[in-house]
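To start, the structure itself, in structure tokens.
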Protein chains: 2
Amino acid sequence: MRKAQYTMQDIANQLGISKSTVSRALKNHPDISQETKDAVNKLAEEMDYQPNSLALSLRHKKSFVIGIIVPEIVHDFFANVISGVQSVAYEEGYNVMICISNESPEQEEVDVKAMYSSRVDGLLISLTKETKKLKHIESIVNKGVPLVMFDRVSENINVSKVITDDFQGAFMATDHLVKQGCKKIVHLSGPDNLSISSLRLNGYKDALSKNNIPVDDNLIIPCPEGTLSEATKTMKSIINSNLEFDGIFANNDVTAIGAMNALKELGKKVPEDISIVGFGDWRLSQLLDPPLSSIEQSGINIGVESAKLLFKQIKEEENDKEFTPITKVVQNNLIERKSSIK
Amino acid sequence: MRKAQYTMQDIANQLGISKSTVSRALKNHPDISQETKDAVNKLAEEMDYQPNSLALSLRHKKSFVIGIIVPEIVHDFFANVISGVQSVAYEEGYNVMICISNESPEQEEVDVKAMYSSRVDGLLISLTKETKKLKHIESIVNKGVPLVMFDRVSENINVSKVITDDFQGAFMATDHLVKQGCKKIVHLSGPDNLSISSLRLNGYKDALSKNNIPVDDNLIIPCPEGTLSEATKTMKSIINSNLEFDGIFANNDVTAIGAMNALKELGKKVPEDISIVGFGDWRLSQLLDPPLSSIEQSGINIGVESAKLLFKQIKEEENDKEFTPITKVVQNNLIERKSSIK
DNA sequence: TTGTACGCGTTATCAT
DNA sequence: ATGATAACGCGTACAA
């Protein structure tokens, strides 16, 4: 038995009243008599009436949908961000439309247009690695759609941004190792062209300085690819070169794991001989043997903070107020398993 | 400089023509003169006109959006499913609206209603662990919205379903171990109440039988919680009990890792002494030391197949044809690192 | 207390 | 080749 898709008009017809009365009854308008309300509600229930939010959105010029565009989704960080965004959106009574640009600037452009076409009330976006042109972003911003960029942001546009504090995270990680008694800490650094690499490197250097430990350039080992095999290979050659060190701060979780594998393979014990802290996914870290300490790029927090900022902006927009773009910096969390620290 | 949100009417006014002409010009209707088209397109470009798909959807009673509801998103399987769905949807010219029920049946109900409210043209859903009532599902199905359930499906409703072949996967895993020379294969089994547990157990048993290896109930070890600590603890006691075995087929990736940790801790070598194959996330498996062979629950394939089935259904619906629900079974993949197999 | 009429942005139908 | 009008489903100012 298939029911049709009823509208208010259908209810009105069956009850011999006008659709405006139905509309008012449904939203419990004080002018409507109780018996009319009862009749309408009863029939609506029977018919399993559900409002058409397309019509609503068109009417109100407001969709109660926010959009989010991420470069990829099969990645704990972005999945966490989305999760955080969702939770805030639900509280505000908004739905979330998600697009995955798949690291393609062309797709990103299409996505932004699609988002505007469906008249999202606000947009969250993390840019593709290759995004250079920002015309599509400017376009939607010019139309007055509140927009917040997160994590992969661009400096060439004046919009609100939410980013993680890579410097602070790196500082925290290095400081943590020092506090554990490490004196000679290796840093597995990331690719030069990414700003996160230099931020993390600087955090590492700064933590050493603050602890009166001289920075030794020999301890800074580049791992530009950031792959497991590269890290493993690099670490092995470092160990074999008899470089002395008692701790490792890895630029990401994969290099941290690679380092651990290399150490174990060459008979070193983690964390008894060498302590490791890496940036990245702590869930992964916890499954390792032994679990690693890790600096979590707190995806959920990024999501929550971005969404909050967006809604703030949406509300200002509704009240025709000026909104000055803000850059929010979210702190990283050091996830630590005590047992894994020497 | 903020541009307004222009409509066709705005273009028409500026050009002193009617909005219907604009509409036709924009979609390159043959009746319209070339010069009018040029003028319209030029102005549309200048104004950065973007169509309002809300109005379009209302008009056509078709939104070109499909919905997907997943219980969680911070989980490689579901993230992969979404990724697969997106790729198919893009090809078909559809957008995807994602909701996360967060394993809450109440949220799931809200989500389904929201999806219908925004008049998605089709819905993909994987149920919450606790979902018992299916009224919300029946409701949207009765309204004629094409729906496909995937992975977490219910037997109590006649809709299209896409599931993984757990039996086949378990068979494949066990058979693989036998082919590697294993004779006494332990199975770490899952919770009794889930059908996947018994399916996997049966696949395990069947593979042994087909290879003329008697099933030994002592080798079937329950790990109902499926946690790392449970698996580690259980495996240790098994090893200490001097039970003889040379291979492990784990019900999931986490128990596989737990087993590996236990083995290594007690001085056994993987895979030299014991080979392990687990169901689950192969990316995780590859980061382990040594990498584990794993039976991947192919999320992308599930996503792709589900979406394809949904679009098939959407098209039949458009042509007022009958559509008989189908259950599709997606095969699992064995992800293998040759080096890790003895 | 309820009904009428209009508009949100678009397209299809029917005129001209 | 172009314009006027109605319709999609809803809410609301205005009228009764």
Side-chain angles (χ1 to χ4, degrees), chain A residues 4-41 43-44 47-65 113-114 116-121 143-144 318, chain B residues 4-41 43-44 47-65 113-114 116-121 143-144 318:
Chain A
Q5 308 200 175
Y6 295 111
T7 72
M8 288 188 171
Q9 187 67 63
D10 296 318
I11 299 183
N13 290 150
Q14 286 216 20
L15 256 37
I17 58 181
S18 83
K19 63 175 179 177
S20 23
T21 305
V22 175
S23 170
R24 283 184 275 239
L26 247 20
K27 47 178 2 200
N28 205 20
H29 191 101
D31 280 356
I32 303 297
S33 75
Q34 194 54 48
E35 45 180 353
T36 309
K37 281 181 190 168
D38 290 344
V40 169
N41 284 317
L43 188 56
M47 286 182 159
D48 195 19
Y49 166 80
Q50 309 250 129
N52 182 331
S53 49
L54 293 173
L56 267 165
S57 302
L58 188 59
R59 172 91 235 272
H60 293 310
K61 294 185 159 230
K62 185 154 173 43
S63 62
F64 284 97
V65 172
K113 281 191 182 159
Y116 177 69
S117 255
S118 55
R119 295 298 187 272
V120 292
D121 293 334
K143 295 202 168 66
E318 281 170 0
Chain B
Q5 307 200 179
Y6 295 111
T7 70
M8 288 187 172
Q9 186 67 66
D10 297 317
I11 299 182
N13 290 150
Q14 287 217 22
L15 256 39
I17 57 180
S18 83
K19 60 178 179 178
S20 14
T21 306
V22 175
S23 171
R24 282 183 278 236
L26 248 19
K27 48 181 1 203
N28 204 20
H29 190 102
D31 281 356
I32 303 297
S33 75
Q34 194 55 48
E35 43 180 353
T36 308
K37 280 181 190 170
D38 291 344
V40 168
N41 284 318
L43 188 54
M47 287 181 159
D48 195 20
Y49 166 81
Q50 310 252 129
N52 183 330
S53 48
L54 293 172
L56 262 165
S57 302
L58 187 61
R59 177 78 235 265
H60 293 310
K61 292 184 161 228
K62 186 153 173 40
S63 62
F64 284 97
V65 172
K113 281 190 182 159
Y116 177 68
S117 253
S118 55
R119 296 297 186 271
V120 292
D121 292 334
K143 294 202 169 66
E318 281 170 0

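All heavy atoms count here, side chains included; hydrogens, waters and symmetry mates do not. First the proteins, then the strands, lettered A, B, ... as listed; each starts at 1. Treat the numbers as computed from the prediction; the structure is a model and nothing was measured.
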Euclidean distance, atom CE of residue A/M8 to atom P of C/dT2 [Å, nearest integer]:
16 Å
On the nucleotide C/dG9, are OP1 or OP2 found under 4.0 Å from the side-chain N or O atoms that B/Y49 carries?
no
Have a look at A/L54 and say if it touches a base, only the backbone sugar-phosphate, or nothing, with a 4.0 Å heavy-atom cut-off.
nothing
Any donor-acceptor N or O pair under 3.5 Å, side chains A/S33, A/T36
yes
Looking at residues at least two apart in the chain, or sitting in another chain, which of them share a side chain to side chain contact (heavy atoms under 4.5 Å, CB included) with A/S57?
A/S63, B/L54
Among C/dG9, C/dT11, C/dG3, which nucleotide sits nearest the side chain of A/S18?
C/dG3
Base, sugar-phosphate alone, or nothing: which one does B/T36 contact when heavy atoms must sit under 4.0 Å apart?
sugar-phosphate
Segment of DNA chain D, first to last nucleotide, that comes within the 4.0 Å heavy-atom reach of chain B
D/dA1 to D/dG9
Going by distance alone, is a donor N or O of one side chain under 3.5 Å from an acceptor N or O of the other, for A/Q34 and A/D38?
yes
Rounded to the nearest Å, what distance is computed from the NZ atom of residue A/K61 to the P atom of nucleotide C/dG7?
13 Å
Do A/N52 and A/Q5 come close enough that some side-chain heavy atom pair is under 4.5 Å?
no
Straight-line distance of A/T7 OG1 to A/M47 CE, nearest 0.5 Å:
8.5 Å
Just by distance, with hydrogens left out, do B/Q50 and B/Y6 show a side-chain donor and acceptor under 3.5 Å apart?
no
Checking all strands, does B/D31 fall into the base, sugar-phosphate, or nothing category for heavy-atom contacts under 4.0 angstrom?
base
From NZ of A/K19 over to C1' of C/dT4, roughly how many Å is that when rounded to an integer?
10 Å
Assess whether atom NZ of A/K113 is packed by more than 12 heavy atoms of other residues, nucleotides or ligands within 6.0 Å.
no
Taking N or O atoms only and anything under 3.5 Å, show me the protein contacts with nucleotides 12-16 of chain C, one pair per line.
| unit_1 | atom_1 | unit_2 | atom_2 | d |
| --- | --- | --- | --- | --- |
| C/dA12 | O4' | B/R59 | NH1 | 3.4 |
| C/dT13 | O4 | B/R24 | NH1 | 3.3 |

Measuring from A/L43:CG to A/L26:CG, what's the distance to the nearest 0.5 Å?
10.0 Å
Tell me the interatomic distance from B/N13, atom CG, to C/dG9, atom C1', rounded to whole angstroms.
13 Å
Send over the distance from B/N52 CG to C/dG7 P, rounded to a whole Å.
18 Å
How many Å lie between CG on A/L15 and C1' on C/dT1, as a whole number?
15 Å
Could you check how far CD1 of A/I32 sits from C1' of C/dG3, rounded to whole Å?
10 Å
Do we see a donor-acceptor contact under 3.5 Å between the side chains of B/S18 and B/T21?
yes
